[in-house]
Amino acid sequence: MPVVMARDLEETASSSEDEDLVNQEDHPCIMWTGGCRRIPVLVFHAEAILTKDNNIRIIGERYHLSYKIVRTDSRLVRSILTAHGFHEVHPSSTDYNLMWTGSHLKPFLLRTLSEAQKVNHFPRSYELTRKDRLYKNIIRMQHTHGFKAFHILPQTFLLPAEYAEFCNSYSKDRGPWIVKPVASSRGRGVYLINNPNQISLEENILVSRYINNPLLIDDFKFDVRLYVLVTSYDPLVIYLYEEGLARFATVRYDQGSKNIRNQFMHLTNYSVNKKSGDYVSCDDPEVEDYGNKWSMSAMLRYLKQEGKDTTALMAHVEDLIIKTIISAELAIATACKTFVPHRSSCFGSGHVL
């Protein structure tokens with residue numbers, strides 16, 4: 001989590017004692033960037049949670065760096081910040097360096113951010129996180145740049161608005177299809193159908209053609225959780241973390257229609273499968289390929305052993321990530337110019353795939 005507190009460190013380092021501290025080029029929490037390497041960047045180390053190293057804590061404590069957590073319970077974020085010497089302030093406080101929030105900020109709050117303050121949301125980031133907005137953005141890019149260039153979604157319809165179009169497609173290919181609420185997560189409200197009569201139209205939903213022949217490992221469906229960080233939309237700067245997770249369903253996959261309602265077979269969400277009696281956890285951090293969660297590295301090693309071209313696979317994944325974010329780039333960049341006074345005030349992180 002390379003949250004940069006450069007300005008705050010730079011302005012605070014006034015006394016000779018402090019200058020000696022931040023000029024220690026070998027300090028594990030400071031990386032120097034910018035022209036003539038004059039801008040200090042604070043680097044976070046996950047292992048500090050366990051080591052409780054005072055040398056790690058000293059930077060945050062010396063410069064009185066602070067954070068607040070609003071409308072979310074981010075225990076890991078709190079632990080990492082505390083391990084680096086940050087102190088927590090009340091959610092209503094305006095004296096902070098980092099705000100970690102579970103909701104979008106109102107424009108008037110974004111306008112009050114100082115250059116030394118950061119928040120973990122870009123304005124209008126729902127253009128990516130809401131399924132209906134993402135669908136609309138990708139359709140727009142298909143119209144602008146060609147269907148083939150942005151063919152990154154299965155055939156999808158937004159209901160009830162596109163119900164007639166969906167029924168027309170269903171008459172040609174009866175499915176199955178997968179139904180998802182437009183603004184939900186963790187597998188909530190997701191189900192498969194093979195008849196339009198099985199769909200509830202009481203709220204906005206997305207209906208997508210179900211991928212009926214998925215790639216399997218040991219006959220189980222799986223998905224991949226990759227972690228992406230965007231630090232700027234103008235210019236667009238995207239980071240992809242080198243590791244990720246593979247999450248497995250708990251019932252072996254079967255294309256038969258009699259299993260269409262079995263969530264443990266068709267969904268890979270941890271929130272769903274942890275309720276299964278067949279869920280297998282692995283508490284040994286050294287074991288990467290056991291149970292219902294593997295490391296992405298273990299998954300790629302397995303696929304490579306099976307003869308899959310994992311280099312080409314990851315190149316396609318990176319292309320998918322870039323095109324997804326580009327589809328919302330204009331809307332989010334415009335909102336940043338309108339509401340955010342300092343270009344470096346916002347960052348956004350999340351999981352994809």
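These figures come from a predicted structure and were not determined experimentally. One-based numbering along the sequence shown.
The closest side-chain donor-acceptor pair between Asn197 and Asn195 falls under 3.5 angstrom. Under the 3.5 Å distance criterion, with hydrogens and angles disregarded, no donor-acceptor pair is assigned to the side chains of Asn213 and Tyr253.
Remark: the backbone N or O of Pro154 is paired with a side-chain donor or acceptor of Thr156 at under 3.5 angstrom. Listed for the His121 side chain is no donor-acceptor partner under 3.5 Å among the backbone atoms of Gly348. Within the 3.5 Å criterion, the main-chain N or O of Glu243 finds no donor-acceptor partner in the side chain of Ser295. Under a 3.5 Å cut-off, the side chain of Ser232 and the backbone N or O of Asp234 do form a donor-acceptor pair. In this structure, the side chain of Glu127 does not engage the main chain of Ser327 through any donor-acceptor pair within 3.5 Å. Between the His342 side chain and the Ala116 main chain, no donor and acceptor come within less than 3.5 Å of each other. Side-chain atoms of Glu162 come within 3.5 Å of backbone N or O of Leu158 as a donor-acceptor pair. Listed for the Arg57 side chain is a donor-acceptor partner under 3.5 Å among the backbone atoms of Thr82. When atom types are taken as modelled, the side chain of Asp53 and the backbone of Asn55 share a donor-acceptor pair closer than 3.5 angstrom. Put simply, the side chain of Lys131 never gets that close to the backbone of Val182: no donor and acceptor are under 3.5 Å apart.
Across every non-hydrogen atom of Asn97 and His64, the tightest pair is OD1-O, 4.0 Å. The heavy-atom pair separating Leu267 from Ala249 by the smallest distance is O-CB, 3.7 Å. Listed here is the closest heavy atom pair of Asn194 and Tyr170: O-OH, 2.7 Å. Shortest non-hydrogen contact noted between Val340 and Ser345 is CG1-CB, 3.7 Å. Here the shortest heavy-atom pairing between Gln155 and Ser169 reads NE2-OG, 3.1 Å. The heavy-atom pair separating Thr101 from Thr72 by the smallest distance is C-CG2, 4.2 Å.
At a threshold of 4.0 Å, the pair Arg252-Asp254 does not count as salt-bridged, since none of the basic side-chain nitrogens sits closer than that to a carboxylate oxygen.
Both tests hold for Lys293 against Tyr270: distance to the six-membered ring centre under 6.0 Å, angle to the ring axis within 45°.
Between Phe157 and Trp177, the two ring planes are tilted [angle within 30° to 60°]. Between Tyr210 and His266, the ring-plane angle classifies as perpendicular under the 30° and 60° cut-offs. Using cut-offs of 30° and 60° for the angle between ring planes, the Tyr126 and His104 rings count as perpendicular. Relative orientation of the Phe86 and Tyr67 rings is tilted, given thresholds of 30° and 60° on the angle between their planes.
With rounding to the nearest 0.5 angstrom, the OG1 atom of Thr268 is 11.5 Å from the CG atom of Leu245. Note that the OG atom of Ser257 and the CG atom of Asn212 stand 10.0 Å from one another [nearest 0.5 Å].
Within the 4.5 Å cutoff, side-chain heavy atoms of Phe166 are placed close to those of Ile199. Using a 4.5 Å heavy-atom threshold, the side chains of Pro160 and Asn204 count as touching. At a threshold of 4.5 Å between non-hydrogen side-chain atoms, the residues Val237 and Tyr239 count as touching. Contact annotation: the side chain of Thr334 approaches that of Leu330 to within less than 4.5 Å [non-hydrogen atoms, C-beta and beyond]. Side-chain atoms of Pro28 and Val43, non-hydrogen and from C-beta on, never get closer than 4.5 Å to each other. Side chains of Gln117 and Leu98 form no contact here, defined as non-hydrogen atoms less than 4.5 Å apart. Side-chain contact between Pro196 and Tyr163: present, with at least one pair of heavy atoms (C-beta onward) separated by less than 4.5 Å.
No more than 12 heavy atoms of other residues, nucleotides or ligands shown are found within 6.0 angstrom of CG on Asp95. Enclosure of atom NE2 in His316 is not indicated, since only 12 or fewer non-hydrogen atoms of other residues, nucleotides or ligands lie within 6.0 angstrom.
Connection of Val230 to Tyr227 is not established within any shared hydrophobic cluster, with ILVMFWY side chains joined at heavy-atom distances below 4.5 Å, either directly or through further cluster members.
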Applying side-chain contact (heavy atoms from CB on, under 4.5 Å), run through Leu134 and Thr324 and close with a yes or a no. CA-CA 8 Å; Leu134 178 60; Thr324 300; 3.7 Å; yes
